[in-house]
Amino acid sequence: MKLVIYPAVDVDRLSRICEAALPMDVINAGTLEIALNEMENADAFFGKLTPELLQRAATLRWVQSPTASLEHFVFPELISHPCVLSNMRGLFSDVVADHVLGFILCFARNLHIYVRQQQQGLWSPVGNQSYVANFVNAPGTVLPMDRAHQHLSDCTLGVIGVGSIGQEVLRRGAAFGMSLVGVDARTKTLSGVLDDVWPVERLPDLLQVADYVFVAAPLTPVTRGLIRRPQLRMMKKSAVLINVGRGPIVDLDDLVQSLQAHEIGGAALDVTDPEPLPADHPLWTISNVIITPHVAAASPKIAERHLETLLENIRLFVQGKHPATQVDKAAWY
């Protein structure tokens, strides 16, 4: 058996790959020409597969994508090919979920507003800018300031896409006492967290009840442009939209219009379409928007997890088993 790697990996990673692949031969192709020649009798491939490389493959049975997302990886010939495809899902689930909860806490406690006010030396509680603390009477009175700060246990978290990342977000939401709803094409239940995951047809129901709507779906032909003005208008006027998955799932023009019309309470985005978000884009100037530059998955642990997923799938292939992260090529996930 033979595994072809292209582009080539560094020496340290190659050493561990070769150990996991025994007794399979490993070709660390430093040039496209080498990769093309070696693909003729390759059983497995890791790296950036192209139609040209696939056309040379006569015995290919397994392809490992170096990424979790597949919109830039799959192509018609690969979808129709009998080989198995696996991706790198699950590497970022916990750190992305932490990022999402950070967004939620910012909006619940107005932290994004207070950070901006700090730069101005401004002491001004949200909800009542003229409020002066009265330590005798204030605790017995519900002030506008109180109403402007949320208890997460009073809020509903809605997750669109209950995959590995969506599940971690739901677990964190449960830990904060939030009510939970989720829609997914495949996941039906999340044991101990959410007994009934709704089918995707119930997306309107989720949008209507959630205080925080988190988009965790993969980018596919079905989910591109999933969130547009009609969906945003289904949300509560106080609700916050969060997207850390793929920018094209949310139509930014429609989002801007919805925010400017005060149809939703805010948005938190780690991804946009296009990226980088142009400096003159109106989202930068909308006060109830938080933007981070596609860093939700940033973590010093990811590289090692990436390698371990690759090694695990190589070992499984050598044993004649399916990879742990096998995907549906036609569905892109």
Side-chain angles (χ1 to χ4, degrees), residues 94-159 169 171-180 209-215 232 235-244 250 252 255-272 275-299:
D94 53 355
V95 65
V96 171
D98 292 346
H99 201 91
V100 172
L101 261 293
F103 279 150
I104 292 173
L105 287 167
C106 279
F107 276 99
R109 307 306 301 173
N110 298 300
L111 303 183
H112 58 303
I113 297 175
Y114 294 132
V115 167
R116 292 164 181 162
Q117 289 182 176
Q118 179 180 341
Q119 308 307 313
Q120 307 169 45
L122 181 61
W123 182 289
S124 181
V126 174
N128 187 350
Q129 296 183 356
S130 63
Y131 170 70
V132 177
N134 183 324
F135 294 103
V136 176
N137 298 321
T141 305
V142 178
L143 301 168
M145 177 188 71
D146 298 313
R147 298 187 184 94
H149 295 76
Q150 294 176 326
H151 280 260
L152 289 187
S153 57
D154 293 334
C155 298
T156 296
L157 170 62
V159 174
V169 170
R171 291 188 179 98
R172 283 156 174 74
F176 278 92
M178 302 180 77
S179 298
L180 308 175
V209 302
D211 298 288
Y212 293 92
V213 175
F214 170 49
V215 181
L232 293 166
M235 292 171 58
K236 298 179 179 181
K237 289 187 178 296
S238 58
V240 175
L241 178 73
I242 301 171
N243 187 17
V244 302
V250 176
L252 282 199
L255 178 59
V256 169
Q257 293 173 21
S258 186
L259 288 163
Q260 291 175 337
H262 305 290
E263 292 172 348
I264 63 174
L269 308 172
D270 186 58
V271 291
T272 60
E275 288 187 9
L277 188 67
D280 60 352
H281 197 281
L283 278 174
W284 289 115
T285 62
I286 300 177
S287 62
N288 56 338
V289 173
I290 302 174
I291 299 170
T292 54
H294 206 146
V295 295
S299 164

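Tested against F214 for a side chain to side chain contact (heavy atoms under 4.5 Å, CB included), the candidates V159, I104, L241 yield a single pass: V159.
Judged purely by atom type and a 3.5 angstrom limit, H281 uses its side chain to pair as donor or acceptor with the backbone of L283. A donor-acceptor pair is defined here as one N or O able to donate and one able to accept, closer than 3.5 Å; such a pair exists between the side chain of Q117 and the backbone of S124. In terms of modelled atom types and a separation under 3.5 Å, the side chain of Q119 and the main chain of R116 share no donor-acceptor contact. In terms of modelled atom types and a separation under 3.5 Å, the side chain of D270 and the main chain of H294 share a donor-acceptor contact. Within the 3.5 Å criterion, the main-chain N or O of P278 finds a donor-acceptor partner in the side chain of W284.
With values rounded to the nearest 0.5 angstrom, E263 atom CD is found 6.0 Å from K237 atom NZ. Put simply, CZ on F103 and CD1 on I291 are 9.0 Å apart, with the number rounded to the nearest 0.5 Å. Note that CZ of R172 and CG of L105 are 12.0 Å apart. Values are rounded to the nearest 0.5 Å.
A 4.5 Å side-chain heavy-atom check between F107 and I242 finds every atom pair outside the cut-off. Residues M235 and S258 form no side-chain contact, since every pair of their non-hydrogen atoms from C-beta on lies 4.5 Å or further apart. A heavy-atom distance below 4.5 Å is found between the side chains of H99 and V295. Using a 4.5 Å heavy-atom threshold, the side chains of I264 and V213 count as separate. With a 4.5 Å cut-off on side-chain heavy atoms, L157 and F176 do not count as touching. Contact of the L259 side chain with the V256 side chain is not registered, since no non-hydrogen atoms from C-beta on lie closer than 4.5 Å. V289 is not listed as a side-chain neighbour of H112, based on a closest heavy-atom distance of 4.5 Å or more. Taking the side chain as every heavy atom from C-beta outward, D154 and D211 never approach each other to under 4.5 Å.
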Evaluation steps, side chain to side chain contact (heavy atoms under 4.5 Å, CB included), between L277 and L269: CA-CA 11 Å; L277 188 67; L269 308 172; over 6 Å; no
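Minimum heavy-atom separation, A108 to Y212: N-OH, 3.3 Å. In terms of heavy-atom proximity, A148 sits nearest to G127 at CB-CA, 3.9 Å. Considering all non-hydrogen atoms of both residues, K236 and A210 come closest at CD-O, 3.9 Å.
By the 30° and 60° cut-offs, the orientation of the rings of H149 relative to Y114 is parallel.
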